[in-house]
Structures are given as structure tokens and as C-alpha cells.
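The structure under discussion appears below in the form of C-alpha cells.
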Amino acid sequence: MKKTLKDMDFKGKKVLVRVDFNVPLKDGVVGDKTRIKAALPTIEYLIKEEAKVLLISHLGRPGGEPKDDLRMDPVAKALANLLNKEVKKADDCIGEEVKKAADNLENGEVLVLENSRFHAGEKANDPEFAKELASLADLYVNDAFGAAHRAHATTVGVTEYLPAAAGFLMQRELNALGEVMENPESPFVAIMGGAKVSDKIDVIKNLINKVDKLIVAGGIANTFLLAKGYEVGDSLVEADKVELAKELMAEAEEKGVEIVLPIDVVIADDFSNDANTQTVAADEIPAGWQVLDCGGPQSLENYKEIIKNAKTVIWNGPLGVFEMEKFAHGTVELAKALAESDAHSVIGGGDSAAAINQAGVADKMSHISTGGGASLMFFEGKELPGVAALDDVE
Ligand SMILES: Nc1ncnc2c1ncn2[C@@H]1O[C@H](COP(=O)(O)OP(=O)(O)OP(=O)(O)O)[C@@H](O)[C@H]1O
Ligand SMILES: O=C(O)[C@H](O)COP(=O)(O)O
């Protein structure tokens with residue numbers, strides 16, 4: 001058991017809180033506040049407990065140096081609006097100026113530090129950088145589930161120097177994902193979509209030991225269709241993963257797990273929303289065409305029937321190129337089917353969460369993770385470095 005907020009006394013203490021405020025920015029304004037809202041319970045608790053709150057996050061991938069369009073100012077502004085309270089902002093996350101700003105905080109005040117990835121030491125998990133950061137505070141709280149799969153200075157390194165506990169969001173994510181992986185009510189169905197087989201192999205391998213049915217859709221389905229001996233035209237495939245797809249299908253069969261592939265698919269003559277399209281059987285994809293949505297009517301009917309009978313469903317990755325309206329149908333319909341079902345539904349962050357929001361059914365899901373890569377690593381059955389590094393309860 002990891003330490004949580006309830007295991008620490010915060011009054012008058014400077015608390016370095018790692019949050020995942022890696023949010024989309026549009027014209028210098030936060031485009032989606034979901035991740036900021038998700039961290040509010042921890043921040044509000046610390047304010048109430050009269051801590052001095054130092055928030056640290058990465059934003060985008062600036063490559064170890066300052067980039068003005070990736071500063072945390074819009075995030076601090078959005079947070080101030082949500083908290084309805086003044087939020088201070090520092091122009092760096094280490095150094096004398098920042099130390100002074102941290103020391104000048106009154107109990108219950110909040111200071112947002114600058115993007116941690118403006119320093120190369122963050123991704124390198126450099127001990128010197130971690131030590132500098134840690135020197136700002138008395139205690140450390142990690143509420144950044146979305147970044148817990150990264151062994152960086154703000155997620156792992158600092159825990160060498162400060163007492164370290166999990167925040168409320170971190171706890172909520174670990175409980176929700178842990179429950180579904182350890183005690184799923186069956187029938188247990190996983191839906192894997194998205195673009196890259198290589199990203200999902202370890203997840204599929206682990207899930208084959210846990211689920212009753214595994215729906216393979218999105219771009220990754222093409223490699224499995226190829227492995228079945230179908231032609232897939234110009235579709236996105238990973239030719240070097242065909243053998244592996246065959247092995248995974250054989251392993252699933254041995255274990256009595258059904259791998260469900262699309263029956264019919266929406267194909268296009270170009271990777272474009274203006275392309276010509278048609279719906280064809282998955283074993284009749286003509287040369288020169290590419291699959292951009294696994295949600296043909298028969299496939300969808302099949303997925304809906306499976307979901308209707310499921311007690312637990314986990315979903316990671318869209319069924320098609322849902323960013324283009326013409327190919328969003330399957331993903332949106334699947335989201336709606338999940339919303340209508342009684343199954344316990346857990347969504348693995350990233351694009352799938354965006355699709356659920358697009359379909360307007362977010363409130364119908366049991367749990368939508370704030371982590372993309374982190375939830376995938378969790379579904380792989382691996383321990384997240386940012387969690388492992390936290391203190392155990394004595
Ligand atoms: N048939 C397809 N052909 C090409 N790309 C596809 C296809 N189906 C889905 N995609 C693309 O897959 C991408 C999402 O893949 P990814 O593996 O990153 O999903 P994810 O795991 O949900 O995302 P994240 O890593 O953000 O959690 C989307 O951009 C989508 O357009
Ligand atoms: O958005 C995410 O998945 C996390 O914030 C991690 O971001 P990263 O992939 O840039 O490390």
C-alpha cells in the first residue's frame with residue numbers, strides 16, 4: 001500500500017505536487033480542462049489543510065529547453081478560474097527566484113511552476129535536477145497518473161529526497177484500473193483500436209490471459225486481417241508484425257479467447273476526408289483502397305451484441321480515423337453502444353477519451369482514465385515507475 005494524502009500532515013508545509021497538466025492549447029488558451037479539473041480534489045484538499053502548494057507538470061515536448069508557446073501561464077490562468085482563487089506563476093521550476101517565491105507563499109496559496117521539460121534533467125531523471133526541485137519543498141505528492149509511466153525527475157527522481165505520497169486522482173485511477181484488471185466481472189471484453197500494433201502488443205498479450213473476448217479494430221486490425229490471409233490494399237499495416245499477429249491469434253484460440261475482427265469496413269481511395277468511400281466486407285478490400293473505419297454496419301452490429309452481453313468492458317484506441325468526420329462513425333457508435341450498456345466500462349485515456357467526449361457520453365462511463373500511455377502500461381500488467389517510487393505505508 002502506498003502512502004496517500006491522509007498519511008501526511010500538511011499544515012504550513014511546502015508541498016511539491018506533480019500534476020499532469022499536459023493539456024491541449026489552442027491560441028494560447030487551454031482547449032480541454034479535463035486534466036486540470038481531475039486534479040482539483042487534491043489541490044483543494046491541500047489548500048484546506050493550509051499547505052503551501054507548488055504545482056509542477058510537463059507540457060508538450062519542448063526538448064529540454066524553454067519554448068514560449070509551451071509555458072504554463074494559460075494553465076495557471078485556467079486553474080485560477082476553476083479554483084476561483086489567485087494562482088501564482090513562476091517563470092522557471094528551479095533556481096533562486098523560484099525558491100524565493102516558494103518561501104514567500106502563505107498557507108493555502110498556490111504557485112504553478114514552469115514546464116519541467118524546459119530542463120533536460122527532467123526526462124533524463126537527472127539526480128541534480130531532482131535534488132534542486134526537491135529543495136523547494138518539504139513534502140511530495142504525485143497526482144499525475146497520466147505521466148506515471150515516465151521515469152522522470154518530477155515523477156521518480158524527487159522521491160529520493162522527499163517523503164512521497166499519492167494524490168486523490170492517482171488513487172482513484174489506480175483503484176479503478178486495478179479493480180478491472182484484478183476482479184473483472186465476466187463476460188470481460190476488451191476493445192483495442194488505434195494506429196500501432198507495436199504499441200499494443202504487450203497489452204494484447206496480457207489481456208489474452210484475462211478477457212473473454214478481444215475486439216481488435218482501428219488501424220491495428222489491418223495487420224491481423226493480413227495475418228488471416230486477407231488483402232488489405234493500401235491500408236496502414238505493420239508488415240513485420242504479421243507473424244506476431246498470427247501467434248497472438250493462435251495463443252488466444254488455445255486459451256479460448258475470441259479475437260473479434262471487423263466483418264465489414266469503410267474504405268477510402270485516399271487518406272483524406274474528401275476521399276471517395278465505400279463499405280465492403282473485410283475479406284474484399286480492393287487494391288488501391290485503404291481501411292479508415294472498422295465500423296461497417298455488420299461490424300457495429302457484432303460489437304454492439306458483444307457489448308450488450310458484457311459485464312466489464314475496457315476500451316483503448318479509436319475504431320478508425322475519427323479525427324476525420326467521414327471515418328468517425330464506428331468510433332462514435334461504439335461509444336454510444338457502451339453508454340447504453342449496463343457493463344462496467346473503463347476507458348483508457350488519450351484518443352478514446354476524446355472520442356467519448358465527441359460522442360457526448362462521457363458521464364455514462366464508469367471510469368475514463370486521464371492517462372493514455374499510463375493506462376496502456378497498466379493494461380500491460382506492469383508497475384508504473386511513478387507509482388513504484390512512492391513511499392509505502394509502514
Ligand atoms: N484504420 C486506420 N488507419 C490509420 N489510422 C488509424 C486507423 N484507425 C485509427 N487510426 C488512428 O489511430 C490513432 C490513435 O492511435 P493510438 O494508438 O495513439 O490510440 P490511443 O492509444 O487511443 O491514443 P493515446 O496514445 O493518445 O492514448 C488516431 O489518430 C486514429 O486516426
Ligand atoms: O499526455 C500524456 O499521455 C502524458 O502527459 C505523457 O506525455 P508524454 O507522452 O509526452 O510523456
Side-chain angles (χ1 to χ4, degrees), residues 18-24 32 34-36 38-39 57-63 70 75 115-117 122-123 143-152 154-155 173 191-201 203-204 216-225 232-238 261-262 265-268 270-273 275 277 282 285 289-296 299 314-331 334-335 347-356 358 368-380 384-386:
R18 188 17 163 132
V19 282
D20 186 359
F21 284 172
N22 183 29
V23 292
D32 178 359
T34 308
R35 280 182 165 172
I36 305 178
S57 177
H58 74 286
L59 177 59
R61 294 176 175 175
L70 290 176
V75 175
N115 191 343
S116 59
R117 285 192 187 165
E122 162 70 326
K123 284 185 92 166
D143 214 21
F145 174 77
H149 59 310
R150 306 289 184 210
H152 294 172
T154 57
T155 57
E173 292 271 14
I191 307 162
M192 281 290 129
K196 284 177 88 184
V197 177
S198 33
D199 281 353
K200 315 270 160 130
I201 288 165
V203 185
I204 293 176
V216 175
I220 64 173
N222 301 325
T223 302
F224 284 77
L225 291 174
V232 294
D234 289 349
S235 301
L236 174 79
V237 287
E238 281 164 86
L261 292 175
V265 290
V266 179
I267 56 172
D270 191 18
F271 189 83
S272 153
N273 204 31
T277 63
I285 300 164
W289 292 70
Q290 53 188 302
V291 179
L292 292 185
D293 186 4
C294 289
S299 297
I314 59 174
W315 179 17
N316 177 280
L319 297 200
V321 184
F322 78 110
E323 299 93 335
M324 297 184 204
E325 206 193 329
K326 261 192 185 163
F327 311 108
H329 182 71
T331 304
L334 183 82
I347 314 303
D351 285 315
S352 330
I356 298 257
Q358 198 173 312
I368 302 179
S369 176
T370 52
S375 64
L376 269 185
M377 190 166 178
F378 201 98
F379 292 150
E380 285 169 6
L384 305 173

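In each ligand, atom 1 is the first atom listed, and ligand 1 is the first ligand listed.
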Gln358: what forms a side-chain contact (heavy atoms from CB on, under 4.5 Å) with it, not counting sequence neighbours? Phe322, Ala328, Val332
Check: Ser375 side chain, Gly348 main-chain N or O, donor-acceptor pair, under 3.5 Å: yes
For the side chain of Thr155 and the backbone of Ala148, is there at least one donor-acceptor N/O pair under 3.5 Å apart? no
Backbone N/O of Thr154 and side chain of Glu122: donor-acceptor pair under 3.5 Å: yes
Within-cut-off N or O pair, Gly194 and ligand 1, under 3.5 Å: no
In terms of its nearest heavy atom to atom 7 (C) of ligand 1, the top option of Ser235, Cys294, Gly219 is Gly219
Are there protein heavy-atom neighbours of atom 25 (O) of ligand 1 below 4.0 Å? no
How far is atom 15 (O) of ligand 1 from the closest protein heavy atom, and which atom is that? Ala195 N, 3.0 Å
Compute the minimum heavy-atom distance from Gly373 to ligand 1 and say whether it is under 4.0 Å. no
So if I count the atoms of ligand 1 from 1 in the order they appear, which ones are less than 4.0 Å from some heavy atom of Gly350? 24 (P), 26 (O), 27 (O)
Applying side-chain contact (heavy atoms from CB on, under 4.5 Å) to Asn22 and not counting sequence neighbours gives Asp20, Arg35, His58, Leu59
Donor-acceptor pair, distance only, cut-off 3.5 Å: does the side chain of Asp293 make one with the backbone of Gly330? yes
Any donor-acceptor N/O pair, Asn222 side chain to Ser235 backbone, under 3.5 Å: no
Are there any N/O pairs under 3.5 Å between ligand 2 and the protein, and if so, what are their distances?
from: ligand 2; atom 1: 1 (O); to: Asn22; atom 2: ND2; distance (Å): 3.0
from: ligand 2; atom 1: 1 (O); to: Arg35; atom 2: NH1; distance (Å): 3.0
from: ligand 2; atom 1: 1 (O); to: Arg35; atom 2: NH2; distance (Å): 3.2
from: ligand 2; atom 1: 5 (O); to: Asp20; atom 2: OD1; distance (Å): 3.1
from: ligand 2; atom 1: 5 (O); to: Asp20; atom 2: OD2; distance (Å): 3.0
from: ligand 2; atom 1: 5 (O); to: Asn22; atom 2: ND2; distance (Å): 3.0
from: ligand 2; atom 1: 5 (O); to: Arg35; atom 2: NH1; distance (Å): 3.4
from: ligand 2; atom 1: 5 (O); to: His58; atom 2: NE2; distance (Å): 3.1
from: ligand 2; atom 1: 7 (O); to: His58; atom 2: NE2; distance (Å): 3.2
from: ligand 2; atom 1: 9 (O); to: Arg61; atom 2: NH2; distance (Å): 2.6
from: ligand 2; atom 1: 9 (O); to: Arg150; atom 2: NH2; distance (Å): 2.8
from: ligand 2; atom 1: 10 (O); to: Arg61; atom 2: NE; distance (Å): 2.8
from: ligand 2; atom 1: 10 (O); to: Arg61; atom 2: NH2; distance (Å): 3.3
from: ligand 2; atom 1: 10 (O); to: Arg117; atom 2: NH1; distance (Å): 2.8
from: ligand 2; atom 1: 11 (O); to: Arg117; atom 2: NH2; distance (Å): 2.7
from: ligand 2; atom 1: 11 (O); to: Arg150; atom 2: NE; distance (Å): 2.6
from: ligand 2; atom 1: 11 (O); to: Arg150; atom 2: NH2; distance (Å): 3.4

Can you tell me if Ser352 uses its side chain to pair, donor with acceptor, with the backbone of Gly317 under 3.5 Å? yes
Enumerated ligand 1 atoms positioned under 4.0 Å from heavy atoms of Asn316: 21 (O)
Nearest-0.5 Å distance that lies between atom CE in Met192 and atom CG in Leu319: 11.5 Å
When you measure from atom 23 (O) of ligand 1 to every protein heavy atom, which one gives the shortest distance, and what is it? Asp351 OD2, 3.2 Å
How far is atom 6 (C) of ligand 1 from the closest protein heavy atom, and which atom is that? Val321 CG2, 3.5 Å
Nearest-neighbour protein heavy atom for atom 9 (C) of ligand 1, which is reported as residue plus atom name and distance: Gly320 O, 3.2 Å
Who's the nearest protein heavy-atom neighbour of atom 22 (O) of ligand 1, and how far? Gly317 CA, 3.2 Å
Ignoring hydrogens and angles, tell me if any N or O in the side chain of Glu173 forms a donor-acceptor pair with the backbone of Phe145 under 3.5 Å. no
For Ala335, give me all partners under side-chain contact (heavy atoms from CB on, under 4.5 Å), at least two apart in sequence or on another chain. Trp315, Ile356, Ala359, Val361
What do you reckon, does Val291 have a nitrogen or oxygen under 3.5 Å from a nitrogen or oxygen of ligand 1? yes
Within 4.0 Å of some non-hydrogen atom of Ser352, the atoms of ligand 1 are 22 (O)
In this structure, are over 12 heavy atoms from other groups packed under 6.0 Å from Lys196 atom NZ? no
What protein heavy atom sits nearest atom 21 (O) of ligand 1, and how far off is it? Lys200 NZ, 2.9 Å
Nearest to atom 28 (C) of ligand 1, what protein heavy atom do you find, and at what distance? Glu323 OE2, 3.2 Å
Atom indices of ligand 1, in the order listed, that fall short of 4.0 Å to a heavy atom of Gly218: 1 (N), 8 (N)
Give the minimum heavy-atom separation between Lys200 and Gly193, together with the two atoms involved. NZ-O, 3.0 Å
So, does Arg117 use its side chain to make a donor-acceptor pair with the main chain of Gly60 at under 3.5 Å? yes
If we only count N/O pairs under 3.5 Å, is Asn222 in contact with ligand 1? no
Backbone N/O of Val237 and side chain of Thr223: donor-acceptor pair under 3.5 Å: no
With a cut-off of 4.0 Å, which atoms of ligand 1 are near a heavy atom of Leu236? 4 (C)
